[in-house]
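Read through the structure below, which is laid out as structure tokens, and then see the notes.
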Protein chains: 2
Amino acid sequence: MAARYIEIKKSIQDDILSHRYQLGEKIPSERELAVQYGVTRVTLQKAMHILEQEGFIERIHGKGMYVTKVIEDNVYMLNSGTGDSILGFSREFGQQAKITSQLVQHEQIQVPQWVAQQLEMQPEQRVHFIRRIRLIDGVPVLVEDSWINSDVIETIPGSVLEHGSLYEYIEKYTGKKIKFYNSVIEGDLFNEELAALLSISEGLPMLKVSGVTKLEDGKAFNFSCSYNRADKFKIKNSWVGK
Amino acid sequence: MAARYIEIKKSIQDDILSHRYQLGEKIPSERELAVQYGVTRVTLQKAMHILEQEGFIERIHGKGMYVTKVIEDNVYMLNSGTGDSILGFSREFGQQAKITSQLVQHEQIQVPQWVAQQLEMQPEQRVHFIRRIRLIDGVPVLVEDSWINSDVIETIPGSVLEHGSLYEYIEKYTGKKIKFYNSVIEGDLFNEELAALLSISEGLPMLKVSGVTKLEDGKAFNFSCSYNRADKFKIKNSWVGK
DNA sequence: TAGTGGTCTAGACCACCTG
DNA sequence: AGGTGGTCTAGACCACTAG
């Protein structure tokens, strides 16, 4: 049973995405919506603040709430700090395009020093190292490397890496929700190795996103690093100043 | 008079930055802090949720709140969706390094079509076009282009562009706070023109950040686009999944 | 003046973690 | 069992926008 404000947020998000509320249109006031959904204003506000932060609406003091005029784009958006999940490629894009994965490498290794630091592990412990290529409609667009604490997940079925969502599997396997922390975005150029994996030229621009993933109990279990073709991806960064 | 939860947030942030709360240390419970600050838990939670989102603390259900172990970096961080402001380069970096600006161009022009769209302007209206170079300790690190609706700000003193914060000036001039919306991060390569401005080689990697700035009454007044040397900047993206 | 979002109170109950 | 964060109620007053 999800929290009420999450349900309300999703309900209104649906109303926006399905154009029941038109772009730029004023939506009902907090007090009206609170009555509609049978909650207090405080609860309704929690939902609306999330919608604002994710860029669906604008809240203007004294005037009301308006559906944001959205500009469509011909590149794929990596949602960063917004949307229901940065948690896995397939969840984000599964609905708008045909996503496939190609497993390049999967082995258990002793944890590299810099990974051990990120995951708060001891040097003798082991991690899964996983390298996958993601394809949109058959075109390879990014390489993703993951280091996953073997103590959290002993075995990872090949079928999950090839066709499923790793994060979904982990949430089911552990029974815990996932949190992202401190992800970092960098720009760089594709080197020979990565370019070869994507069948592109060395020296093309890349967006690199790396970060630690934790379980809701605070346990860090994954360090991941994705190398994205900069001509295929933008990162949306909806944010509202204070 | 700022809101109480903003004051509390800043107070605890100071306690963390000054190491009165050590890295990784557990901080007092919500109920304790609420008493300390003389507010209810709801108000205190608003402060703590912001600190969590900005990456200062981790909140773990049933256990408590902990100061995040921070990894220091030898590159400059552009805060994106976090910190007190993405609002202007000088505010972000003024304390850790010597920031200077170099005004390359400033003229009033008829609003270009794509800018008019972003700022909801008519084709015959005018904008300030401003191109500045930013230097850290004397080294040029980024180019920033801004298009500012002339109806919002008629004149912009040269001294502001050379030495001050444009956003601070606008907040003072209009008497309104500033909001950012829908900023987008892209990766690209420096072309000849931009590379020349920074005295670097063409083809080096770049992080491009663009977005619209609005006043708190919803009025869009500025479209800006910054071209950052990818070897000098990372973008921190503190975020907590739901 | 009426309506809107922004903030805050003083409680309550639940879900989770640890001893 | 006791402490922690997560959610929610039913109010209240303030600040801002509009006609």
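Just so we're on the same page: letters track the sequence lines, and every chain starts at 1. All values below were derived from every heavy atom in this structure, side-chain atoms included, with hydrogens, water molecules and symmetry-related copies excluded.
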Open item on the list: As a quick check of understanding, evaluate side chain to side chain donor-acceptor pair (under 3.5 Å) for B/Glu162 and B/Ser101, giving each step before the final call.
Closed with: CA-CA 5 Å; B/Glu162 287 281 4; B/Ser101 280; over 6 Å; no

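- The distance between atom CG of A/Leu44 and atom P of C/dT7, rounded to the nearest whole Å, is 15 Å.
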Using a cut-off of under 3.5 Å, enumerate the N/O to N/O pairs linking the protein to nucleotides 11-19 of chain C.
residue : atom : partner : partner atom : Å
C/dA15  : N3   : B/His61 : NE2          : 2.8

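- We find that CG of B/Leu215 is positioned 15 Å from C1' of D/dT17, with the value rounded to whole Å.
- Protein atom CD of A/Glu7 is 13 Å distant from nucleotide atom C1' of D/dC8, rounded to whole Å.
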Task: DNA chain D base-pair string [pairs: Watson-Crick or G-U under 3.5 Å; |: paired with another strand] - done: ||||||||||||||||||.

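- OP1 or OP2 of C/dT4 has at least one side-chain nitrogen or oxygen of A/Ser29 nearer than 4.0 Å.
- Among all heavy-atom pairs drawn from B/Gly175 and B/Glu216, the shortest one is O-OE2, 4.4 Å.
- Among the nucleotides C/dG6, D/dG6, C/dT9, the one closest to any side-chain atom of A/Gln45 is C/dG6.
- The distance from atom NZ of B/Lys219 to atom P of D/dC16 is 20 Å, rounded to the nearest whole Å.
- Contacts of A/Met48 with the nucleic acid, taken as non-hydrogen atoms under 4.0 Å apart, are absent.
- Listed nucleotides: D/dT4, D/dT9, D/dT7. Nearest to the side chain of B/Lys26: D/dT4.
- Atom CG of residue A/Leu33 and atom CD1 of residue A/Ile27 lie 6.0 Å apart, to the nearest 0.5 angstrom.
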Under 3.5 Å, which donor-acceptor pairs do the side chains of residues 151-159 of chain A form with other protein atoms, sequence neighbours left out?
residue  : atom : partner  : partner atom : Å
A/Asp151 : OD2  : A/Gln125 : NE2          : 2.4
A/Glu154 : OE1  : A/Tyr173 : OH           : 2.6

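- Atom NZ of B/Lys177 is separated from atom P of C/dG6 by 15 Å (rounded to the nearest Å).
- Nucleic acid contact class of B/Gly38 (heavy atoms, under 4.0 Å, all strands): sugar-phosphate only.
- Along DNA chain C, the nucleotide nearest A/Glu32 and the nucleotide nearest B/Ala2 are compared for position; the residue whose nucleotide lies closer to the 5' end is A/Glu32.
- Checking the phosphate oxygens (OP1, OP2) of C/dC8, no side-chain nitrogen or oxygen of B/Tyr5 falls inside 4.0 Å.
- For A/Ser11 (side chain) and A/Glu7 (main-chain N/O), no donor-acceptor pair under 3.5 Å exists by modelled atom type.
- Rounded to whole Å, the distance from CZ on B/Arg59 to C1' on D/dG6 is 8 Å.
- For B/Glu52 and A/Lys179, the salt-bridge test passes: some basic side-chain N is under 4.0 Å from an acidic carboxylate O.
- One atom, CD1 of A/Ile27, and another, C1' of C/dT4, lie 13 Å apart when rounded to the nearest Å.
- Using cut-offs of 30° and 60° on the angle between ring planes, the pair A/Phe129 and A/Trp147 is tilted.
- Following rounding to the nearest Å, A/His49 (NE2) and C/dG5 (P) show an atom-to-atom distance of 10 Å.
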